[in-house]
Structure formats: structure tokens, C-alpha cells
Amino acid sequence: MDEHHARDWWEARYAGSEGIWSGRVNAVLAAEAADLPVGRALDLGCGEGGDAVWLAEQGWTATGVDLSATAVARAGRAAAAAGVDGRTTFVAADLSTWAPEDDERYDLVTASFLQSWPVEIPRAAILRRAAGFVAPDGHLLVTAHAAPPHGDLPEEMRAYRFPTPEEDLAAVLGSDEATAGGPAAGGPAAWAVLSAERRPRTTTTADGTTHETEDSVVLVRRRA
């Protein structure tokens, strides 16, 4: 995978539109984070900031990271408009190499629909690195499309292989060895698996058409 190609593709996609996403928090994150103690959060592949802004509105101190500088700039403006820019930080960076400054660890690391087509990203390696950013007693939440998110499937998605919860869980837990260039995640024994499942969801397009799909949800807690 050409990392520069992925960055350029996503930057062009964001720059070619005034906005791609709704700005609303992803429903899985809202449901799972509702019962967690507020602390430091890291949103991987933050896009235009919907999740990070929502977390900040709930009292979290949130950092969002995305490949696209345009997306990150929009996220910053969304945080300012919501009055939470003092609790948010946004960084344009490649998640396959990015790491927090000063070895910071987070009480919640979340990746919502961190999937890329038609250009690939080293997604499994990114999730493995993400596990190393979680503080003791902290949580890692990975939400992914486990099936086509809508019925009008673009040509570039027809060959895309959607991840299963089992695959994402395996990517997160890995082994006791650290991913090259990243922090050690501790191996499977370091984690309590709270959820690894498919969840059905109904989507509605702008014209009112509904589509049944599924999300993959993996939630783990690092043992203290």
C-alpha cells in the first residue's frame, strides 16, 4: 500500500466536497461510551470530527487523528462551533506511523468505520497499534461495516472484503510482541473482551429508501 496515495486520495475526496459526513456521533460509540467514566479519548480516523466533538460535549478530552488535512480543519471548526475547542485536538497524520506525544495513553480509543476503498490502508496493523495507546482500565472500541452500508454499492466497493468481529478482535489482541514502530499492547491476556459481535442496523438514504446492514462491534478493556 502506498501511504501517500491513500492520503492523497482521501484529501482529494474531502477537498472536493463541502462536507461528507453528517456531523452526528456514530450510534455505537454513543451507546458504548454512555456508561464509561469520562477521561481522555482518542478517535482514529476522525474525519470531520463528529465523534470527537460529541465526546468533548460529554466532558471527555478528545484527540482526533485523520489522514486528511481538510477533514482535520473541518473537525476543528466543528469543535469551535460546538464550544468544545478547548477540549479537542485534531492532528493530520498517517495512523500507520503516528503515536501520541510523551507516550500518552487514553481511557478510550475508538475507531468508527476506519475502512478505506478503493485505496487500501494497513487497517489490521493500525488496530494493533491502537491497542498500545489504551491506558490501564481503559477501553478500545472498533466499529466497522460488516456488510455494505447501503444498497447502491459503488463499483469500487464490489471487491471490498468487509471485516468480521473475529478478525478485528484478532487484530486488536495480536500477540505479546509490539507492532514494529509502535507500543506493546500486552497480548490477549492483558484484555477483557466485552463485545465481539455483529449488530444489525437499518439505514435510510436522503430519498427515504431503507437498507438493512450489519456493523461489526469489538469492545475490549485493558486489565489494570
Side-chain angles (χ1 to χ4, degrees), residues 1-30 33 38-123 125-127 129-130 133-134 140-145 149-150 154 156-157 181-182 203 205-206:
M1 189 278 298
D2 184 340
E3 294 169 3
H4 295 292
H5 179 47
R7 181 192 62 200
D8 293 345
W9 191 90
W10 279 102
E11 176 60 21
R13 184 178 179 193
Y14 279 107
S17 172
E18 292 186 1
I20 294 178
W21 314 120
S22 69
R24 298 188 298 272
V25 63
N26 284 301
V28 172
L29 173 61
V38 169
R40 297 159 298 171
L42 174 63
D43 181 15
L44 302 178
C46 67
E48 293 159 334
D51 285 358
V53 169
W54 179 86
L55 285 164
E57 289 175 331
Q58 312 311 306
W60 294 79
T61 299
T63 298
V65 184
D66 198 276
L67 267 178
S68 168
T70 295
V72 163
R74 288 179 184 161
R77 291 194 293 271
V84 294
D85 45 323
R87 288 200 298 276
T88 53
T89 301
F90 295 99
V91 181
D94 181 352
L95 289 172
S96 67
T97 57
W98 177 86
E101 294 183 0
D102 302 321
D103 294 326
E104 183 173 7
R105 295 295 178 264
Y106 299 87
D107 304 297
L108 172 64
V109 177
T110 180
S112 296
F113 306 114
L114 181 64
Q115 294 161 275
S116 181
W117 54 75
V119 295
E120 293 184 5
I121 58 172
R123 184 172 177 275
I126 289 170
L127 295 181
R129 286 172 55 82
F133 303 147
V134 181
L140 171 59
L141 173 64
V142 180
T143 307
H145 297 296
H150 50 76
E156 64 266 24
M157 284 179 59
T203 64
T205 63

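The figures that follow rest on heavy atoms only: side chains count, while hydrogens, waters and symmetry mates do not. Quick caveat: nothing in here was measured; it's all calculated off a predicted structure.
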*asked:* Centroid separation under 6.0 Å, is that true for the rings of Y106 and W60?
replied: no
*Which heavy atom of C46 sits nearest a heavy atom of G64, and at what distance?*
SG-C, 3.6 Å
*Check: Y14 and D66 side chains under 4.5 Å, non-hydrogen atoms*: yes
*In Å, rounded to the nearest 0.5 Å, how long is the span from CZ of R7 to CG of L67?*
8.0 Å
*Just checking, any donor-acceptor pair under 3.5 angstrom between side chains of S96 and D94?*
yes
*asked:* For a quick test of reading the model, state the closest non-hydrogen atom pair linking A75 to V53 and the distance between them.
replied: O-CG2, 4.4 Å
*If every non-hydrogen atom of A30 is compared with every non-hydrogen atom of V25, which pair is closest and at what distance?*
CB-CG1, 4.0 Å
*Identified side chain to side chain contact (heavy atoms under 4.5 Å, CB included) counterpart of S112 within the set V142, N26, V28, L141*: N26
*Does a side-chain heavy-atom distance below 4.5 Å link D8 with V119?*
no
*For A111 and L127, work out which heavy atoms get closest and say how close.*
CB-CD2, 4.3 Å
*CG of L42 to CG of D107: how many Å apart, nearest 0.5 Å?*
11.0 Å
_Worked check of side chain to side chain contact (heavy atoms under 4.5 Å, CB included) between I121 and L95_ = CA-CA 9 Å; I121 58 172; L95 289 172; over 6 Å; no
*If you take all heavy atoms of F90 and G49, which pair is closest and at what distance?*
CE2-CA, 4.2 Å
_Tell me which one of L44, L55, T88, T89 satisfies side chain to side chain contact (heavy atoms under 4.5 Å, CB included) with T63._
T89
*Is a donor on one side and an acceptor on the other found under 3.5 Å between the side chain of E57 and the backbone of A82?*
no
*Side chain of R13, backbone of S68: donor and acceptor closer than 3.5 Å?*
no
*Where do A6 and E120 come nearest, in terms of heavy atoms and distance?*
CB-O, 3.9 Å
*Who pairs with R74 by salt bridge (Lys or Arg N to Asp or Glu O under 4.0 Å), at least two apart in sequence or on another chain?*
E48
_Sidechain-backbone polar pair: R123 side chain, Q115 backbone, donor-acceptor under 3.5 Å_ = no
_Gap separating the CG atom of L140 from the CZ atom of F133, nearest 0.5 angstrom_ = 10.5 Å
*Gap between atom CH2 of W54 and atom CG of D51 - 0.5 Å precision*: 8.5 Å
*Hey, does L29 have a side-chain heavy atom less than 4.5 Å from the side chain of D43?*
no
_Geometric class of the H145/F113 ring pair [parallel <30°, tilted 30-60°, perpendicular >60°]_ = parallel
